[in-house]
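Structure record follows, encoded as structure tokens.
Letters go in sequence order (proteins before strands), and every chain restarts at 1.
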Number of protein chains: 2
Amino acid sequence: MKLKEFAREIGLSPTTVSRALSGYPEVSAATRQRVSAEAVRLGYRPNINAVRLATGRAGAIGLVMNQAGEFQLTEFLRGMTEQLVRDEMDILVTPVVEDGTEAEVNAYRRVAEAGKVDAMIILAPQPNDPRIPLLQGLGMPFLVHGRSEGSAPHAWLDIDNEGAIFRATSHLIDLGHTRIGMINGRKGMTFSLHRDIGYRRALEERGLTFDPRFVAHGNFTDEVGFTFARDMLEQGLRPTAFVAGSMMTALGIYRAARALDLVVGRDMSVIAHDDVFPYLTADNMVPSLSTTRSSMRAAGGRIATLLLQIIAGRPAEEIHELWPVELILRESTQPVPGG
Amino acid sequence: MKLKEFAREIGLSPTTVSRALSGYPEVSAATRQRVSAEAVRLGYRPNINAVRLATGRAGAIGLVMNQAGEFQLTEFLRGMTEQLVRDEMDILVTPVVEDGTEAEVNAYRRVAEAGKVDAMIILAPQPNDPRIPLLQGLGMPFLVHGRSEGSAPHAWLDIDNEGAIFRATSHLIDLGHTRIGMINGRKGMTFSLHRDIGYRRALEERGLTFDPRFVAHGNFTDEVGFTFARDMLEQGLRPTAFVAGSMMTALGIYRAARALDLVVGRDMSVIAHDDVFPYLTADNMVPSLSTTRSSMRAAGGRIATLLLQIIAGRPAEEIHELWPVELILRESTQPVPGG
DNA sequence: AAATAATTTGAAATCGCTTTGAAGACGTGG
DNA sequence: CCACGTCTTCAAAGCGATTTCAAATTATTT
């Protein structure tokens, strides 16, 4: 059923029908009511592509999924979709085919230039992230989940990674730990850098010396957690506590402990960052895991809302949201043994 | 830059340019070469919405994300996107706002009727799934990941859940286990039903009696695994082995064992279904986890390919792919203690 | 009742591309 | 050299909505 047929069917002009359905003020309440009712009855729905061509809006937000595409993405997506469904906005998922920064930048360029989306979201930013000047140059609105130092001013929403890890590390120091392993995220990412800073600042403020052998970087996988934790634990003077970048990393650390016959919560402490998943909860771990917590789902939702505002004309440069992170202490962080 | 300007710029008609870029045979190789080169040089890209309006194609595949949206979704999405990027096809992700079958069916209807997609994918089907007659009625091509008994013939790709769990259970019986716990997926889902059947068939063929107290259903979360496993292990005659529906479930079971001072691989055995994740690998668990393995990513990729074929005209009813499942034995399955 | 203002409605142009049907350019055999 | 078939190219008509500008209707004022 097309607009023309539908309009003829109910005895109005296409113009009036279009206005009635799009909520323009020029149409009387009575007419609007009637048109809406008839649309439902006859099953008329505007062809989305015609609408988009006519309005110039794409009706979608672009998300590029890189090869490393983390497990948190599902939660993030859910948060976004929950917000966007109200505004009839879609999410367009595009992959990066091969690895590498250049391939990723090209993926953004493709999506942006083809006009498939009204705005994009930049995930896992780095300092001087090349995607930022790219999108700014193309005039494509965007929002960064995280932020990028050294780049031109841009809209971002980030969690307080530095503060979170600073508090987590300080907490461990309070418990008497002096050798604290840090298994962080991928090197170069802003969030990893900020966490490193939080970690070092905590050490410095308490007069502890930084030992590079106790710091590792890698993907948020159980394997990375396991391997690095085991390596560190097999050193002469091993860490008595760990700060982990993700729940998966923490799982790996737990297993490394067990493999070496160490008991978490007795022989060593662990604290991890938790993005909040329905399928893996820190509370249920044994021992329950102390965490720095911030909901990935909530971030996705808020970012979607902010993007809609940017599309509607809100100046992007003024949007900077820094979310605080909860520190939740559970059984996995205990005083240093024999301390 | 629009088609008209671009065509004028390089001294050709819009028709020729359009044909050259879309690979029609009416245009000479030399011209095509030149047009492509100029398009790159001048940065011309057809407006996607105009193309879609003109061709009637939506250029996207629809995926509806329900509230339960499992953690495997990321891998599935990656598999799909990897295939689709070649064909300039996008994935449109839509959420189900509130829970319930009706809300889910409505989400499918909205997407299908708005003409936003050329085909859809049905996830986590049930017997007599209402989404199947809906999409068939609307003439929207689709493919079911899994399958739906009792429904009209439809295109599907499924893994051999029954066979996998049959073999897994039989393997445990071979090792001398007679009380085998089964922590399955959500009740009512086809895959859960098939796994239940595989489990019961293995018991029956070996003359073991089915005990309903040893079977549980729930989401693929560590909490479900932990709670049910602990409950079963606290019974008088407890299971000596478990079949788990997912890696997360297995994590929960491992933890339940430790909470009760039981050692997996010595006091009890565990085997789980593994969808293959980069961030959580059965090999790295301690003890390493025996699994029935089938790649979610590969399934997503194959499904995308099949959907493109269906869109291109291949009859959907003839598409039935049943993928075998690997059985991979590791340390977590051992002979029954004292057996 | 006429004049004016306010409210509704509609005809037609527009969005940027694809594609049909027709014409121009080119080479070849008679 | 002409006629004819083969390649290329093009003008113009859609695709299905939105939106501008003008006209028609209704309400209000004088």
Side-chain angles (χ1 to χ4, degrees), chain A residues 1-36 38-39 42-60 87-90 112-118 139 311, chain B residues 1-36 38-39 42-60 87-90 112-118 311-312:
Chain A
M1 162 102 31
K2 329 190 161 174
L3 173 58
K4 238 167 154 179
E5 303 172 32
F6 175 61
R8 180 155 18 86
E9 194 82 20
I10 65 173
L12 287 173
S13 77
T15 311
T16 309
V17 171
S18 170
R19 281 179 176 149
L21 292 177
S22 314
Y24 277 63
E26 295 96 330
V27 80
S28 73
T31 309
R32 161 161 313 128
Q33 194 85 32
R34 180 167 149 246
V35 172
S36 306
E38 291 283 28
L42 297 174
Y44 168 72
R45 280 173 170 284
N47 175 302
I48 192 78
N49 292 318
V51 173
R52 286 173 179 175
L53 175 57
T55 58
R57 272 181 258 119
D87 299 77
E88 291 256 16
M89 271 277 191
D90 305 313
E113 284 187 343
K116 294 185 176 193
V117 299
D118 297 314
I311 293 171
Chain B
M1 161 103 31
K2 329 189 161 178
L3 172 57
K4 236 167 153 181
E5 303 172 33
F6 175 61
R8 182 156 17 87
E9 193 83 20
I10 64 173
L12 287 173
S13 77
T15 311
T16 308
V17 171
S18 169
R19 281 180 173 148
L21 292 176
S22 314
Y24 277 64
E26 295 97 331
V27 79
S28 72
T31 309
R32 161 159 314 127
Q33 194 86 32
R34 181 168 148 245
V35 171
S36 306
E38 292 283 29
L42 298 174
Y44 167 72
R45 281 174 170 283
N47 175 303
I48 192 78
N49 292 317
V51 173
R52 287 173 179 174
L53 176 57
T55 59
R57 273 180 258 119
D87 299 77
E88 291 257 17
M89 271 278 192
D90 305 314
E113 283 186 343
K116 294 185 176 193
V117 299
D118 296 314
I311 292 170

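- For the pair A:Asp90 and B:Asp90, the minimum side-chain heavy-atom distance is 4.5 Å or more.
- Ranked by how close their nearest DNA chain D nucleotide is to the 5' end, A:Val17 and B:Ser13 are led by B:Ser13.
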Under-3.5 Å N/O pairs linking protein and nucleotides 19-23 of chain C:
from   : atom 1 : to      : atom 2 : distance (Å)
C:dT19 : OP2    : B:Tyr24 : OH     : 2.3
C:dT19 : O4     : B:Thr15 : OG1    : 3.2
C:dT20 : O4     : B:Arg19 : NH2    : 3.3
C:dG21 : O6     : B:Arg19 : NH2    : 3.4

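- The interatomic distance linking A:Arg32 (CZ) with C:dT7 (C1') rounds to 13 Å, in whole Å.
- Think of the region where chain B sits on DNA chain D: with heavy atoms and a 4.0 Å cut, that region ends 5' and 3' at D:dT8 to D:dG16.
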CA sep, side-chain torsions, deciding dist, call: A:Tyr44, A:Leu3, side chain to side chain contact (heavy atoms under 4.5 Å, CB included): CA-CA 8 Å; A:Tyr44 168 72; A:Leu3 173 58; 3.5 Å; yes
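- Remark: the backbone N or O of B:Pro14 is not paired with any side-chain donor or acceptor of B:Ser18 at under 3.5 angstrom.
- Atom pair B:Arg45:CZ and C:dT18:C1' shows a separation of 19 Å (rounding to whole Å applied).
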Worked verdict on A:Ile311 versus A:Arg57 for side chain to side chain contact (heavy atoms under 4.5 Å, CB included): CA-CA 10 Å; A:Ile311 293 171; A:Arg57 272 181 258 119; 5.6 Å; no
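- Nearest-nucleotide positions on DNA chain D place B:Ser28 closer to the 5' end than the other of B:Ser28 and A:Lys2.
- Side-chain atoms of B:Val27 and B:Val35, non-hydrogen and from C-beta on, never get closer than 4.5 Å to each other.
- Not counting sequence neighbours, the partners of B:Glu113 by the salt bridge (Lys or Arg N to Asp or Glu O under 4.0 Å) test are A:Arg45, B:Arg109.
- Within the 4.0 angstrom heavy-atom criterion, only backbone atoms of the sugar-phosphate kind lie near A:Tyr44; the bases stay farther away.
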Side chain to side chain contact (heavy atoms under 4.5 Å, CB included) assessment of B:Asn49 paired with B:Leu53: CA-CA 6 Å; B:Asn49 292 317; B:Leu53 176 57; over 6 Å; no
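- When every heavy atom of A:Arg52 is checked against every heavy atom of A:Gly59, the shortest pair comes out as NH2-O, 3.4 Å.
- Across all strands shown, A:Ile48 has no heavy atoms under 4.0 Å from either base or sugar-phosphate atoms.
- Taking atom CD of residue B:Glu9 and atom P of nucleotide C:dG16, one finds them 17 Å apart after rounding to whole Å.
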